Amino acid sequence: MKQIKIFSPATVANVSCGFDCLGFAVNDLGDTMTFTKTEQKEITITKITGADLPYESNRNAAGAVAKAMLEKHPVDFGLDIEIHKGYTPGSGLGSSAASSAGAAFAVNELLGNPFSKLELTKFAMLGEEIACGSPIADNVAAAIYGGFILVQQYEPLHVIKIPVPDELMLVAIHPQVEVKTKDARDVLPTHIPLEDAVTQWANVGGLISGLYASDYQLIANSLKDIIVEPARKHLIPYFDEVKQTAIDSGALSAGISGSGPTIFALCKGQENAKKVYQHIDNMYQHTGINYTMVLSKINTQGVILLASN
(Lines give C-alpha, C1' and ligand atoms only; values in the text may rest on other atoms or scores of the structure.)
Protein backbone atom coordinates (compact mmCIF):
# COMPACT_ATOMS: atom_id res chain seq x y z
CA MET A 1 0.00 0.00 0.00
CA LYS A 2 1.18 3.51 -0.84
CA GLN A 3 -1.75 5.41 0.66
CA ILE A 4 -4.52 4.71 3.14
CA LYS A 5 -7.50 6.64 4.43
CA ILE A 6 -8.92 5.95 7.87
CA PHE A 7 -11.71 7.04 10.20
CA SER A 8 -10.86 7.52 13.87
CA PRO A 9 -13.77 7.92 16.29
CA ALA A 10 -14.52 10.49 18.95
CA THR A 11 -14.60 9.09 22.46
CA VAL A 12 -16.26 9.66 25.81
CA ALA A 13 -13.89 9.25 28.76
CA ASN A 14 -14.57 8.78 32.49
CA VAL A 15 -18.19 7.66 31.82
CA SER A 16 -19.28 9.25 35.10
CA CYS A 17 -17.86 6.91 37.75
CA GLY A 18 -14.70 5.75 35.92
CA PHE A 19 -12.42 8.79 36.16
CA ASP A 20 -9.30 8.29 33.99
CA CYS A 21 -9.94 4.56 33.56
CA LEU A 22 -13.17 4.10 31.54
CA GLY A 23 -14.06 5.22 28.03
CA PHE A 24 -16.04 4.33 24.93
CA ALA A 25 -15.97 5.15 21.23
CA VAL A 26 -18.61 7.11 19.31
CA ASN A 27 -19.91 5.70 16.03
CA ASP A 28 -20.95 8.79 14.03
CA LEU A 29 -18.35 11.37 14.98
CA GLY A 30 -14.62 11.44 14.38
CA ASP A 31 -11.67 12.36 12.17
CA THR A 32 -10.82 11.30 8.63
CA MET A 33 -7.08 11.03 7.97
CA THR A 34 -5.01 10.17 4.89
CA PHE A 35 -1.45 8.82 5.04
CA THR A 36 0.73 8.71 1.93
CA LYS A 37 4.19 7.17 1.65
CA THR A 38 6.95 9.47 0.42
CA GLU A 39 10.54 8.96 -0.72
CA GLN A 40 11.77 11.51 1.82
CA LYS A 41 12.26 9.85 5.20
CA GLU A 42 10.36 12.43 7.20
CA ILE A 43 6.89 13.04 8.62
CA THR A 44 5.06 15.97 7.01
CA ILE A 45 1.63 17.32 7.91
CA THR A 46 0.39 18.59 4.54
CA LYS A 47 -3.22 19.54 5.27
CA ILE A 48 -5.43 20.18 8.30
CA THR A 49 -9.09 21.14 8.09
CA GLY A 50 -11.68 21.68 10.79
CA ALA A 51 -9.27 22.91 13.45
CA ASP A 52 -6.26 25.13 13.99
CA LEU A 53 -3.54 22.61 14.85
CA PRO A 54 0.28 22.65 14.54
CA TYR A 55 1.78 21.56 11.22
CA GLU A 56 5.16 20.81 12.83
CA SER A 57 5.22 17.03 13.13
CA ASN A 58 6.85 16.99 16.57
CA ARG A 59 4.15 19.35 17.94
CA ASN A 60 1.23 17.56 16.27
CA ALA A 61 -0.25 14.51 18.03
CA ALA A 62 -0.53 12.47 14.83
CA GLY A 63 2.92 13.49 13.64
CA ALA A 64 4.54 12.62 16.97
CA VAL A 65 2.94 9.17 16.99
CA ALA A 66 3.97 8.44 13.39
CA LYS A 67 7.54 9.55 14.08
CA ALA A 68 7.83 7.33 17.16
CA MET A 69 6.52 4.31 15.27
CA LEU A 70 8.91 4.74 12.34
CA GLU A 71 11.81 5.10 14.78
CA LYS A 72 10.76 1.85 16.44
CA HIS A 73 10.23 0.08 13.11
CA PRO A 74 12.66 1.72 10.61
CA VAL A 75 11.63 1.79 6.94
CA ASP A 76 12.84 3.40 3.72
CA PHE A 77 9.94 5.85 3.38
CA GLY A 78 8.40 8.88 5.04
CA LEU A 79 4.78 9.99 5.36
CA ASP A 80 2.56 12.86 4.30
CA ILE A 81 -0.44 13.19 6.62
CA GLU A 82 -3.76 14.94 5.99
CA ILE A 83 -6.08 15.48 8.96
CA HIS A 84 -9.75 16.37 8.59
CA LYS A 85 -11.18 17.07 12.04
CA GLY A 86 -14.81 16.08 12.29
CA TYR A 87 -15.40 17.93 15.54
CA THR A 88 -13.95 20.71 17.65
CA PRO A 89 -10.82 20.27 19.78
CA GLY A 90 -11.49 21.01 23.44
CA SER A 91 -14.97 19.49 23.28
CA GLY A 92 -14.34 16.76 25.84
CA LEU A 93 -14.76 14.11 23.13
CA GLY A 94 -11.15 13.03 22.74
CA SER A 95 -10.15 15.20 19.78
CA SER A 96 -6.40 14.73 20.20
CA ALA A 97 -6.98 11.05 20.94
CA ALA A 98 -8.73 10.58 17.59
CA SER A 99 -5.66 11.99 15.81
CA SER A 100 -3.24 9.97 17.94
CA ALA A 101 -5.14 6.70 17.63
CA GLY A 102 -5.76 7.25 13.93
CA ALA A 103 -2.06 7.76 13.29
CA ALA A 104 -1.11 4.65 15.29
CA PHE A 105 -3.60 2.50 13.37
CA ALA A 106 -2.68 3.90 9.95
CA VAL A 107 1.09 3.65 10.33
CA ASN A 108 0.69 0.10 11.63
CA GLU A 109 -1.28 -0.78 8.48
CA LEU A 110 1.41 0.70 6.23
CA LEU A 111 4.07 -1.25 8.12
CA GLY A 112 2.23 -4.55 7.68
CA ASN A 113 0.66 -4.65 11.16
CA PRO A 114 3.70 -5.50 13.31
CA PHE A 115 2.19 -3.96 16.45
CA SER A 116 -0.64 -5.19 18.71
CA LYS A 117 -3.54 -2.99 19.81
CA LEU A 118 -1.90 -2.63 23.22
CA GLU A 119 1.32 -1.44 21.58
CA LEU A 120 -0.69 0.96 19.39
CA THR A 121 -2.28 2.36 22.54
CA LYS A 122 1.18 3.01 24.00
CA PHE A 123 2.24 4.86 20.84
CA ALA A 124 -1.01 6.85 20.82
CA MET A 125 -0.39 7.88 24.41
CA LEU A 126 2.68 9.78 23.17
CA GLY A 127 0.36 11.92 21.05
CA GLU A 128 -1.79 12.61 24.09
CA GLU A 129 1.31 13.75 25.97
CA ILE A 130 2.13 16.18 23.13
CA ALA A 131 -1.44 17.53 22.98
CA CYS A 132 -2.49 17.44 26.64
CA GLY A 133 0.71 17.26 28.65
CA SER A 134 0.08 13.79 30.04
CA PRO A 135 0.20 10.31 28.43
CA ILE A 136 -3.31 9.23 29.38
CA ALA A 137 -4.79 6.09 27.85
CA ASP A 138 -8.57 6.12 28.32
CA ASN A 139 -9.51 8.06 25.16
CA VAL A 140 -6.90 6.54 22.85
CA ALA A 141 -7.61 3.00 24.02
CA ALA A 142 -11.33 3.49 23.37
CA ALA A 143 -10.57 4.76 19.85
CA ILE A 144 -8.22 1.87 19.06
CA TYR A 145 -10.16 -1.00 20.63
CA GLY A 146 -13.68 0.32 20.02
CA GLY A 147 -16.62 -0.16 22.36
CA PHE A 148 -16.09 0.30 26.10
CA ILE A 149 -12.63 -0.11 27.60
CA LEU A 150 -11.19 -0.24 31.09
CA VAL A 151 -7.59 0.84 31.66
CA GLN A 152 -6.97 -1.56 34.51
CA GLN A 153 -3.40 -0.42 35.17
CA TYR A 154 -0.55 1.58 33.60
CA GLU A 155 2.58 -0.24 34.80
CA PRO A 156 2.48 -2.42 32.81
CA LEU A 157 -0.35 -1.07 30.67
CA HIS A 158 -3.39 -3.35 30.72
CA VAL A 159 -6.52 -2.54 28.70
CA ILE A 160 -9.70 -4.61 28.91
CA LYS A 161 -12.39 -4.40 26.23
CA ILE A 162 -15.91 -4.55 27.67
CA PRO A 163 -19.03 -5.72 25.78
CA VAL A 164 -21.55 -3.17 24.51
CA PRO A 165 -25.27 -3.97 24.98
CA ASP A 166 -27.03 -4.05 21.61
CA GLU A 167 -29.53 -1.27 22.32
CA LEU A 168 -27.18 1.18 24.04
CA MET A 169 -27.19 4.62 22.38
CA LEU A 170 -25.45 7.92 22.98
CA VAL A 171 -26.87 11.44 22.99
CA ALA A 172 -24.39 14.26 23.55
CA ILE A 173 -24.54 18.04 23.58
CA HIS A 174 -21.47 20.23 23.13
CA PRO A 175 -22.04 23.78 24.40
CA GLN A 176 -19.73 26.16 22.57
CA VAL A 177 -17.86 27.26 25.68
CA GLU A 178 -14.25 26.64 26.66
CA VAL A 179 -13.30 24.38 29.54
CA LYS A 180 -9.52 24.21 29.85
CA THR A 181 -8.21 20.82 30.89
CA LYS A 182 -5.95 22.50 33.45
CA ASP A 183 -8.92 24.29 35.01
CA ALA A 184 -10.90 21.06 35.09
CA ARG A 185 -7.97 19.33 36.81
CA ASP A 186 -7.38 22.16 39.27
CA VAL A 187 -10.88 21.92 40.76
CA LEU A 188 -10.59 18.22 41.59
CA PRO A 189 -10.61 17.31 45.28
CA THR A 190 -7.26 16.27 46.75
CA HIS A 191 -8.84 14.23 49.55
CA ILE A 192 -11.81 11.88 49.22
CA PRO A 193 -13.83 10.60 52.18
CA LEU A 194 -13.61 6.82 52.46
CA GLU A 195 -17.39 6.49 52.21
CA ASP A 196 -17.39 8.35 48.89
CA ALA A 197 -14.52 6.26 47.55
CA VAL A 198 -16.34 3.03 48.41
CA THR A 199 -19.50 4.29 46.66
CA GLN A 200 -17.52 5.24 43.57
CA TRP A 201 -15.73 1.88 43.40
CA ALA A 202 -19.06 0.10 43.72
CA ASN A 203 -20.49 2.16 40.86
CA VAL A 204 -17.56 1.25 38.59
CA GLY A 205 -18.07 -2.42 39.39
CA GLY A 206 -21.81 -2.10 38.85
CA LEU A 207 -21.38 -0.34 35.49
CA ILE A 208 -19.00 -2.99 34.17
CA SER A 209 -21.28 -5.76 35.43
CA GLY A 210 -24.25 -4.07 33.78
CA LEU A 211 -22.43 -3.81 30.45
CA TYR A 212 -21.47 -7.49 30.52
CA ALA A 213 -25.00 -8.56 31.44
CA SER A 214 -26.84 -6.03 29.23
CA ASP A 215 -28.63 -5.01 32.43
CA TYR A 216 -29.82 -1.50 31.59
CA GLN A 217 -31.23 -0.83 35.05
CA LEU A 218 -27.90 -1.72 36.65
CA ILE A 219 -26.14 0.55 34.13
CA ALA A 220 -28.51 3.38 35.06
CA ASN A 221 -28.01 2.81 38.79
CA SER A 222 -24.22 2.78 38.38
CA LEU A 223 -23.74 5.85 36.13
CA LYS A 224 -23.21 8.08 39.15
CA ASP A 225 -20.17 10.22 39.92
CA ILE A 226 -20.07 11.65 43.44
CA ILE A 227 -16.44 12.79 43.30
CA VAL A 228 -15.48 14.51 40.02
CA GLU A 229 -18.82 15.68 38.61
CA PRO A 230 -19.80 17.78 41.66
CA ALA A 231 -16.42 19.57 41.48
CA ARG A 232 -16.55 20.25 37.75
CA LYS A 233 -20.17 20.83 36.82
CA HIS A 234 -20.07 24.56 37.59
CA LEU A 235 -17.67 24.92 34.62
CA ILE A 236 -20.44 23.82 32.23
CA PRO A 237 -23.44 26.15 31.78
CA TYR A 238 -26.80 24.53 32.57
CA PHE A 239 -25.24 21.15 33.35
CA ASP A 240 -27.78 20.22 36.02
CA GLU A 241 -30.68 21.22 33.76
CA VAL A 242 -29.37 19.13 30.86
CA LYS A 243 -28.77 16.10 33.06
CA GLN A 244 -32.21 16.30 34.64
CA THR A 245 -33.87 16.82 31.24
CA ALA A 246 -32.08 13.75 29.89
CA ILE A 247 -33.14 11.55 32.81
CA ASP A 248 -36.72 12.87 32.81
CA SER A 249 -36.89 12.09 29.09
CA GLY A 250 -35.87 8.46 29.61
CA ALA A 251 -32.04 8.44 29.54
CA LEU A 252 -30.31 5.90 31.75
CA SER A 253 -28.22 8.77 33.11
CA ALA A 254 -26.02 11.64 31.97
CA GLY A 255 -22.64 13.05 32.88
CA ILE A 256 -19.59 15.04 31.80
CA SER A 257 -17.66 13.69 28.81
CA GLY A 258 -13.98 13.85 29.66
CA SER A 259 -13.27 17.22 31.24
CA GLY A 260 -16.20 18.82 29.38
CA PRO A 261 -17.94 20.89 28.24
CA THR A 262 -19.73 18.07 26.35
CA ILE A 263 -22.48 16.39 28.34
CA PHE A 264 -23.28 12.78 27.41
CA ALA A 265 -26.39 10.70 28.05
CA LEU A 266 -26.69 6.95 27.58
CA CYS A 267 -30.05 5.60 26.46
CA LYS A 268 -31.72 2.27 25.77
CA GLY A 269 -32.98 2.05 22.18
CA GLN A 270 -33.00 4.43 19.25
CA GLU A 271 -36.52 5.78 19.76
CA ASN A 272 -35.77 6.60 23.36
CA ALA A 273 -32.50 8.27 22.33
CA LYS A 274 -34.36 10.40 19.75
CA LYS A 275 -36.75 11.59 22.46
CA VAL A 276 -33.87 12.46 24.82
CA TYR A 277 -32.10 14.29 21.98
CA GLN A 278 -35.22 16.34 21.19
CA HIS A 279 -35.93 17.28 24.80
CA ILE A 280 -32.33 18.39 25.43
CA ASP A 281 -32.38 20.35 22.17
CA ASN A 282 -35.65 22.06 23.13
CA MET A 283 -34.30 22.95 26.56
CA TYR A 284 -30.88 24.26 25.49
CA GLN A 285 -32.00 26.43 22.60
CA HIS A 286 -33.35 28.91 25.14
CA THR A 287 -30.02 29.38 26.94
CA GLY A 288 -28.49 31.78 24.41
CA ILE A 289 -25.41 29.53 24.09
CA ASN A 290 -24.46 27.99 20.75
CA TYR A 291 -24.18 24.21 20.78
CA THR A 292 -23.99 21.09 18.64
CA MET A 293 -25.56 17.71 19.33
CA VAL A 294 -24.88 14.08 18.47
CA LEU A 295 -27.08 10.98 18.43
CA SER A 296 -25.04 7.86 17.80
CA LYS A 297 -24.59 4.17 18.38
CA ILE A 298 -21.55 3.08 20.35
CA ASN A 299 -18.65 2.37 17.99
CA THR A 300 -17.58 -1.24 18.58
CA GLN A 301 -14.78 -1.38 15.97
CA GLY A 302 -12.54 1.54 16.81
CA VAL A 303 -10.42 3.05 14.05
CA ILE A 304 -11.33 1.63 10.63
CA LEU A 305 -9.75 1.54 7.19
CA LEU A 306 -11.80 3.48 4.62
CA ALA A 307 -9.65 3.06 1.50
CA SER A 308 -6.20 1.95 0.38
CA ASN A 309 -4.15 1.83 -2.78
Side-chain angles (χ1 to χ4, degrees), residues 11-24 91-94 134 136-139 141-142 148-154 160 162 164-165 168-175 177 179-213 215-268 276 279-280 283-284 298:
T11 49
V12 171
N14 299 340
V15 199
S16 292
C17 54
F19 179 71
D20 274 6
C21 66
L22 283 176
F24 66 84
S91 60
L93 288 165
S134 124
I136 51 177
D138 46 6
N139 285 111
F148 279 79
I149 60 89
L150 168 69
V151 182
Q152 189 269 326
Q153 65 180 27
Y154 275 84
I160 301 168
I162 301 166
V164 179
L168 198 62
M169 299 285 296
L170 166 74
V171 173
I173 179 169
H174 174 206
V177 298
V179 175
K180 294 181 179 179
T181 301
K182 182 181 184 302
D183 293 341
R185 289 274 176 180
D186 286 347
V187 299
L188 295 179
T190 55
H191 295 87
I192 302 168
L194 180 60
E195 183 180 356
D196 290 349
V198 171
T199 299
Q200 196 89 336
W201 295 330
N203 285 336
V204 173
L207 176 57
I208 292 173
S209 296
L211 292 169
Y212 269 96
D215 186 333
Y216 292 92
Q217 188 58 56
L218 180 54
I219 293 170
N221 292 344
S222 304
L223 279 169
K224 296 174 182 175
D225 176 10
I226 64 169
I227 295 173
V228 178
E229 183 181 294
R232 283 182 167 173
K233 66 181 184 178
H234 71 277
L235 300 172
I236 303 170
Y238 301 96
F239 172 83
D240 285 333
E241 291 86 344
V242 170
K243 180 174 181 176
Q244 195 59 53
T245 297
I247 293 171
D248 290 347
S249 304
L252 301 174
S253 192
I256 303 170
S257 179
S259 57
T262 292
I263 305 165
F264 79 94
L266 289 176
C267 308
K268 180 183 180 182
V276 171
H279 283 214
I280 293 175
M283 177 248 133
Y284 217 85
I298 309 302

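Everything numeric in this text was worked out from a predicted model, so none of it was measured.
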* To do: Please lay out, stage by stage, how Ile173 and Tyr284 fare under the test side chain to side chain contact (heavy atoms under 4.5 Å, CB included).
  => CA-CA 9 Å; Ile173 179 169; Tyr284 217 85; 3.5 Å; yes
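- Using a 4.5 Å heavy-atom threshold, the side chains of Ser16 and Asn203 count as separate.
- Residue Leu207 holds its CG atom at 8.0 Å from CG of Leu218, rounded to the nearest 0.5 Å.
- Atom CD1 of Ile227 and atom CG of Asp196 lie 6.0 Å apart (nearest 0.5 Å).
- Applying the side chain to side chain donor-acceptor pair (under 3.5 Å) test to residues at least two apart or on different chains, the pairs with a partner in residues 218-228 are Gln200-Asp225, Gln217-Asn221.
- Taking every heavy atom of both residues into account, Asp20 and Asp138 meet most closely at CA-OD2, 3.3 Å.
- The two residues Ala142 and Thr11 have their closest heavy-atom pair at CB-CG2, 3.7 Å.
- Between the side chain of Ser249 and the backbone N or O of His279, no donor-acceptor pair lies under 3.5 Å.
- Interatomic distance, CZ of Phe24 versus CD1 of Ile162, reported as 12.0 Å (0.5 Å rounding).
- Within the model, atoms OG of Ser209 and CG of Asp215 stand 9.0 Å from one another, a figure rounded to the nearest 0.5 Å.
- Within the 4.5 Å cutoff, the side chain of Leu93 has heavy atoms near those of the Val12 side chain.
- Few gaps surround CD on Gln152; more than 12 heavy atoms of other groups in view lie less than 6.0 Å from it.
- Nearest heavy-atom pair across Ala184 and Val179 is CB-CG1, 4.2 Å.
- Here the side chains of Val242 and Ile236 are not in contact, with every heavy-atom distance at 4.5 Å or above.
- Distance check, rounded to the nearest 0.5 Å: OG of Ser134 to CZ of Arg185 gives 6.0 Å.
- The line from CD1 of Ile160 to CG of Leu150 is 5.0 Å long, rounded to the nearest 0.5 Å.
- Here the closest heavy-atom approach between residue Ile149 and residue Ala141 is recorded as CD1-CB, 3.8 Å.
- Summarising the geometry of Leu168 relative to Tyr216, their closest heavy-atom pair is N-OH, 3.6 Å, with the distance given to 0.1 Å.
- When all heavy atoms of Val276 and Gly250 are compared, the pair lying nearest together is CG2-C, 4.1 Å.
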* Audit row: Ile136, Tyr154, side chain to side chain contact (heavy atoms under 4.5 Å, CB included) steps and yes/no -> CA-CA 9 Å; Ile136 51 177; Tyr154 275 84; 4.2 Å; yes
Pairs of donor and acceptor atoms involving the side chains of residues 255-268, under 3.5 Å and at least two apart or interchain, shall be tabulated with distances.
| unit_1 | atom_1 | unit_2 | atom_2 | d |
| --- | --- | --- | --- | --- |
| Ser257 | OG | Gly92 | O | 2.6 |
| Thr262 | OG1 | Ser91 | O | 2.6 |

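- For residues 237-260, the set of pairs meeting the salt bridge (charged side-chain N to carboxylate O under 4.0 Å, His left out) definition, not counting sequence neighbours, comprises Glu229-Lys243, Lys233-Asp240.
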